[in-house]
Every structure is written in structure tokens, then in C-alpha cells.
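What follows is one structure encoded as C-alpha cells, with my remarks underneath.
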Amino acid sequence: MPESRQGEETRGRGEATRGPSYPFRELSERAQERWRKERLFELDDPMAADRRFYCLNMFPYPSGDLHVGHGRNYILGDAVARVKKMQGYTVLAPMGWDAFGLPAENAAIANQIHPAVWTKKNIARMKTQLQAWGAMYDWNREIASCDPAYYKWTQWIFLQLYKRGLAHRAMGTVNWCPTDQTVLANEQVVDGRCERCDTPVETRELEQWYFKITAYADALLRDLALLEHWPEKVRVMQANWIGRSEGASVRFPLAGRDAPLEIFTTRPDTLMGATFMVVAAEHPLVAALAAEGRLSPDAARFVERLKRARVEDRFAVETEKEGVPLGVSAIHPLSGAKLPVWVSNYVLMGYGTGAIMAVPAHDQRDFEFATTYRLPIVEVIRPDQEPRFDGKAAYEGEGGLVNSGRFDGLASGEGKRAIVQALEKEGKGEARVNYRLRDWLISRQRYWGAPIPMVTCPTHGMQPVPESELPVLLPDQVEFKPTGESPLLSNEAFLRATCPKCGGPARRETDTMDTFVDSSWYFLRFLSPKAEDRAFDTDAVNRWLPVNQYIGGVEHAILHLLYSRFIVKVFQDAGLVAFPEPFERLFTQGMITKDGAKMSKSKGNVVPPDTLIERYGADTVRLYTLFIGPPEKDAEWNDRGVEGAYRFLTRYWRIIEEFTATKEVMATGKRPFAPSGPARDLRRRVHQLVLQITDDVDRFHFNTAVSGLMQMVNAILDYEAAGGSLQSPEVAEAVDLATRLLAPLAPHTAEGAWDRLGHPQSVVTAPWPQPDRAALHSDLQSLVLQVNGKVRSQIEVAVGIEQEAARAAALADPRVQRFIDGEEIAQVIVVPGRLVNVVTRRRPQPKPHQPKP
RNA sequence: GCCCGGGUGGCGGAACGGCAUACGCAGGGGACUUAAAAUCCCCUGGGGGAAACCCCAUGCAGGUUCGAGUCCUGCCCCGGGCACCA
């Protein structure tokens, strides 16, 4: 659609506009050019900096266009970086690209464009957008995870984990996305669906690569306590995901078989109430029975049906509990009773051992199953009071042990200890901590990722590629077909490798790594982004990390943040870093919605920043984005609201222009002055706002910081309207303070203003203002007068008034007297400097009431 | 079911236990203009009143307190996370 001709001629808005405006285009261009030229955001020597602040936005996936919702993340980060810089820190604020991943490959399949080309194009586009916002990153440190210079070190990290026994290949039941034609990590399955494309996930038995994150389950859980500056919500989510539970591991011998059936339980106190056993369809016992031909046709059919079912149906809570007996008996380890073993859909292979002891009296799931299949139910826990087991539902609480032989009479806690002890003595079990966390499945049957640096030799088997041969380069020439096999299989030259042991021909691993491996260490790379001889500089990262402020979306609360913590812990154990956690402070910003929904192309509610920046300037968009609401909360975008921010900047700029009309005032502004009356009131207000805004930005309350700046500008304009001169020392001071406070939020405008105010240095390097205590001082203050807690009057009194005097003044106030007339004063509360509350003894009769019509 | 958030004008939201509704948007009225836009000024929670002023209102019901949007108890609703986790 052709743009209006007028839009080109006016410097302000797209429509024909006269009247006051401000030259935002010119200001933006000049400011950005200056920042680049003066290299104000570049860090030359990481080891030289003294007061350091590492401010990091989660690096984006280069999907194409950014919208204003993304902008919130970068604007926040940029504002924080600028505030810290003005507060005297050396700031590191780098940016990069999480550039491997499926969308690039899907674009390749759909449009015959190479993923590398598609990605590069998107990076260029998004970089332009980030710069248009005025977000200033140290572009000298830009990295992209698809760059061989980067993924060489992702591969190196794989080898370090392999060396430490933390990377292994294993057969297992894995999540399979039929649309993306690849396996998924547990963390990438949401409600039984692929987190990326929402396709119901299936399971497959495949051999895959895993990182042993479970070895760090305990440390990852324990060190959440160190993350006091993380949102509580994120810590809770991670703790739930790790899912630690204490209990016991118990081995039930199987009649006629060597291997016992091992189970995990959190309730060893209910052991004597176990009346049957249940295993998952994927349990090795089922496979063994099948192999021996001892699986009944019924059981075989049942197991097959379960394995084929979609994950979302199979594991939904509402799904009916179904089962089939396996015809095998387990021997109770303490009572020796024979317990039938069943296979059922309600036991999951992915948790514990994939087998349970069923205690129907004290577990609702077991109870439902026992009821359905008429299996015996034995009550073994009986509390002193109701509720207790009543035969209608399981009693899941604690209580005294009954029907438990020699354990009768013990309380649950004692019973747990006693039973575990008895099991240990018999060699049938022991206390055990179990985690919900599974190992991290990192191999993907896709092209656009870092190749896993392994080869298979016919004689020496699986061998790691020597570090000296890294990177294993991703070949350009492959066929992109959604076959479910890695496209790398189509490149013969890539497949040919040599065995590092014998030098003979070997076959290269064709799986690539999950992109979350790429992003679990990038924050370390920024300190030495171009280093060719190491992944990162240990001295530099030890000096700069943990990241002081990490900013990103809450959608990464588990995946990226857990993986990064894991990798850093591995590095700490390997002596590569000297800190236990990568991110000191985490801020998760809320989503920006439009028409009540998350912005997406398919919904057609995306607000692109480009036209807004064109029409109102980057600073307007920045200010509105910060003003829209508390940054941690979701907010609804309102195009009209943008105009409010624009009007504010226009008013501010008018002051700047009119003020600088006479520069001599600047000189007087520097001189000490003790104004009185309106000038003094203006100073007090302005310095109060300095205090408030400083507090606001320190606490990430950017919405109220913007509001504070609006109030400051309103105060100056009110001062002028009341007859005050803009060419006055008090306005000179107000303008100076407002400009510095505005600098992190609307940097282009503030930069231009700072220049007009006669400063040779950029406002980026100006010091953050301090309020003048003397200016804050006042001789008079208002005292709120209440009667029985209701505000009835307000008086002006001298600051520091004695309590007794305040009390007397309150009681003397005519309006107060009207309300206490004839009533006895019970009490007078004086809050110094704030209020006086006169409390009367209430009259017994109610106040006269208006009769209803 | 369990664990986090949250519920304040027409809307986004503000408020160390102390003047609820700051700031902005929208709306109404006015000034300027041939007119419109832009800009500027005034009004704008509900009810009553000519006015002074009074009453009511922060999801609901209680409680603590001289005083509660804020703290406590119980509920309702909305958003998010986890979930046959043994």
C-alpha cells in the first residue's frame, strides 16, 4: 500500500502535522551515530574493568521480524545497562543469536532456501530492528551459535562431558514428534504435545545421546537457595521439575525368576499393606516374559495397545486405569506373602523403576485399580481421629501402623525408619532419594545443529573425534526432506571419517545437538567471543560472572535456565569456572498482548515496531513500552497509549528548545542559589522526583519512573504557567536533572537535549543524579486530621512540630470540632509529620438515616 | 488435586499499615482556527445536595488495628506452573 506523500514531508507524524513537534528522526540518527563513533558500549579489556556489571538479554532465535512484545525485553535490558553505566559501572551488554534450530530447516524444506542463508538474512533484519530501538550492544562481541567458530566449542563441550562420563548413548523410550520428525527432550513436551508445533507426541524405542543431568539433580536443587534474586516462581518451577522425593527402594523377589522386582516408594510405612504389584508396559519384566513366550495373549495385546497410544491420551489423569495380570507372583520381602504382578497404564516407566507396590488402602490410584479388579485391600495406617480408611476411598495421610505384625503401634515416621531398617538387614531394600528429573536427551535427527563429534569404527566402536579435529563442519550439500532421518545421511563425504584409534575408515555420527546445548554456555563466550584456542577465557569469566542481571521470558524458566545451570556446574567441577551459578539476578518480563492474545502471525495481531518508530520515533516506543505496566506482568498493547508518550516527549522538547534560547542561564544555574516561594517549591518537587525515580529504576519499576518524569515535566510547565520563567536557575537545574533521568529511557532525545544544554560529553557518560537534601527540606508540612479514622481536614504546620502542639492544633481545627461536637474524646493518635487521628467514644444511637423513597 | 501470581474508575495502572484512584489513555466542555488537525485550559469513581458538604466504593464474608487496597482467617473468580511422580 502506497504511503501518504505528506508523511515524508512532516518530521513528526504520518498525517499532515503542523504545530509543535520534535525532531525525533534527526535526534535518533545523530545520537546513534555518536554512540557508535565514540564506542560508548564497547568493552575493550575485560580484565581492566573495576566496577563491573554484566547485563544480559536472552539471545534471540533469529526467526525474522521482531514485534513490540519482543521489544520489551531489549528495551528493559538497554535501560538497565544505561542506568548502571551512569551509576559508574563498566557495563558489558552483548548480543548474539541462538541461530541453530528447526524453523530454518523447515524453511529450507518449504522454500528451497538453505538454512544458513535464511538465518543470515533474519539476523541482518533483526539486528537492524534492535538498533532502531536504540538498544546499544557491544557488537564487537556478537556471536551466532551456527558459526563454526562457535559450534566448534559446543562440540568441544560435548567431548568434555563425554570424557567425564556425562554424555552417553542409550536405548530408551523417547518422545517423538511426527511433524518435526525428531526426538524431543522431556522438557520440550508440553501436555503430551510438541512445544514447537503442538503435534501430539508419540513414543519410540530409539538409541539416543543423553547428558547426565540427573547426576546434578541434587546440586541443582540445593543451589536454588543461592538464587535469592530470582523470581520465586521460577525457583519453584525448577524445584518441581527436579522433583525430589525421599523414600525407599525395595526389592520383591519374583517366584521362579532370578531378578527381583525393584520398586520405589515414598511410603515404606505402608509396606505391610501391599497387596499386589504393578509394572509399566515398557518394564523390562514385560519384555523378558514376551521373549520367553510366557506373556498371555491378553497381556501382549494390552501392552501393544498402550505403546501405540498417543502420549497425551495415555498419560492424562482422566484416563481409566486398566490392567492385565502377568501371571507372575512377587514375594513380599517381609511377610513372604505372594502378590500378583499386573501391568497397567497408570504406572509410568519414566519415574522411579517403572514398577510399584500397590497399597490400595492408602493410595487412591491403587485403590481405584483394586476396586476395579477386585484385588484385596488391607488397612495398615490408622490415625487416632477421622478421617481414616473407610473402604470408600484411600486414606493417604499418616497415622499409627496396624495389621503390620511387629511394626504395629508405631507412628508413620517411626514405621518408615523401622521398616527400612528391617529391609536393609534382609538385603531387600534401603532408604533412597528419587528424582523426577530425567537425563537430557540431546541428539536430534536434524541438519541445522552442531554435529555430535563422534565416529563409529567397525573394530573400535564408538570413538570421540579428537579435539584437534574440531569443528566437525556441517556440510552445505544435503537434501532437505522430512523423512525422519538426519539430512546428513544424504552426504556421503560427510559420513566418511577415520577412526582416531586405528586410522581406519569409520562412519560419522549424523545426529546433531539440541539447540539448548548451544544456548547453555553462550554467556561465557561473550567474554572472549573471538578466541580460537578455547571455548571461553576462564580468568575473564571468573571476573565477570555470574551475570549480574539476566533478562528474558518466563517460558525459559525450566529448559534454558536449568540446562545452563547444569553446564556451569559441570564446568565448575572441571575447574573451568570458579562459580556455582551462571545468573545472579533473573528478571522475567511479562508478555505484551494485543486484543487479549499473545501476538502471533497466525492470529494477525502482531504490532510491528517499524511503522511506530517511523511515525513517533524510537524513544516514544521505548517510553510507552516501559510505561505500559509493571514489567514483570503481562500487559495489553494500546496504540492510543503510544500517543501519550509522544505528547510527553514533545512537551519535554519544547522546554529544551525554549530553555536553551538563552544560554547565559546555564551559568547562573551553576551558581548557588536559595530561591523561595514557587522556585523553592519547584526545586523540592524536582528533587523528590529524583529520589523516587532512582528508587523506581533500581527496583525495575520503570512504569512509575516514566510517570515520575512526566510529573517532573508537568511541574516545570506548571511553574511556567504560574508566571515562572523558563530562563531561570531553578529550571536550569530541573532540566539538567530531567535530562539525565530520561537518558536511559529515551536516550536519543536526552542525548540531543544534553548537547543543547552545552555538554561536550555524551549523556551516556553523565553521572546519575543525586537529590539535594537541602532542596528536599521544607519549613511547612501538611498534617492530615482524622476523626475516628476518617479524613476530615488538613492543616499546614511547621516541620518538626511537637506532638502536643500537633494534638492541640488538631483539636482546635473547626472542621474537626464539628465532628467531635458533644462527643467524649477517647484517644488522640499523633503520627509525627503525617496525621492526627482523634478517636471519640461512639454515641450509642445510630446516625440519622435518610428514609428510602 | 497441589504450588505460584492476580482481582482497585470506562481502560492501562499508582499507593513504607496513615489523604485510595498518582501518571497516562479514552470521554465531556472550552480557547485558538474560515474549518479541521495539532496545541493549550477545565471537568471526569458512584450516589445525594443549589452549595458548603455528606454518604458509599479496592472480588465476597469476617477479624486484628486509633486507622486496612495493604496484615490474618474462610470463600469466589481469573491467569500461570506441576500432575496417575508411586
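- Looking at residues two or more places apart in sequence or on another chain, you find a ring pair (Phe, Tyr, Trp, His ring centres under 6.0 Å) between A:Phe252 and A:His332.
- Side-chain contact between A:Met712 and A:Val686 is present, with heavy atoms from C-beta onward closer than 4.5 Å.
- For A:Arg640, a side-chain nitrogen or oxygen approaches OP1 or OP2 of B:A26 to under 4.0 Å.
- A:Val784 comes within contact range of at least one nucleobase, with a heavy-atom separation under 4.0 Å.
- Partners of A:His283 by ring pair (Phe, Tyr, Trp, His ring centres under 6.0 Å), not counting sequence neighbours: none found.
- Using a 4.0 Å heavy-atom criterion, one finds that A:Pro630 contacts the sugar-phosphate atoms exclusively.
- Across all strands shown, A:Arg235 has no heavy atoms under 4.0 Å from either base or sugar-phosphate atoms.
- Of the two residues near RNA chain B, A:Asp718 and A:Val236, the one whose nearest nucleotide lies more 5' is A:Val236.
- What separates NZ of A:Lys321 from C1' of B:C85 is a distance of 13 Å, to the nearest Å.
- A close approach under 4.0 Å does not occur between any side-chain nitrogen or oxygen of A:Arg792 and OP1 or OP2 of B:C19.
- Donor-acceptor pairing under 3.5 Å, judged by distance alone, is absent between the side chain of A:Glu232 and the base of B:G5.
- For A:Phe702, the ring pair (Phe, Tyr, Trp, His ring centres under 6.0 Å) partners at least two apart in sequence or on another chain are A:Phe700.
- Rounded to whole Å, the distance from CG on A:Asp363 to C1' on B:A86 is 6 Å.
- Taking CD1 of A:Ile356 as the start and CD1 of A:Ile263 as the end, the distance is 8.0 Å to the nearest 0.5 Å.
- Listed by residue number, A:Tyr351, A:Ile356 are the residues of residues 349-359 of chain A with a heavy-atom contact under 4.0 Å to RNA chain B.
- Within the structure, salt bridge (charged side-chain N to carboxylate O under 4.0 Å, His left out) contacts touching residues 236-250 of chain A (residues at least two apart or in different chains) are A:Asp218-A:Arg244, A:Arg244-A:Glu246.
- Across all strands, A:Asn638 comes closer than 4.0 Å only to sugar-phosphate atoms, never to a base (heavy-atom distances).
- Of the side-chain N and O atoms in A:Arg807, none sit less than 4.0 angstrom from OP1 or OP2 of B:C66.
- Across residues 703-716 of chain A, A:Asn703, A:Thr704, A:Ser707, A:Met710, A:Gln711, A:Asn714 each have a non-hydrogen atom less than 4.0 Å from an atom of RNA chain B (numbered order).
- Put simply, A:Arg651 has a side-chain N or O that comes within less than 4.0 Å of OP1 or OP2 on B:C40.
- When heavy atoms are screened at a 4.0 angstrom cut-off, A:Leu835 is found touching base atoms of the nucleic acid.
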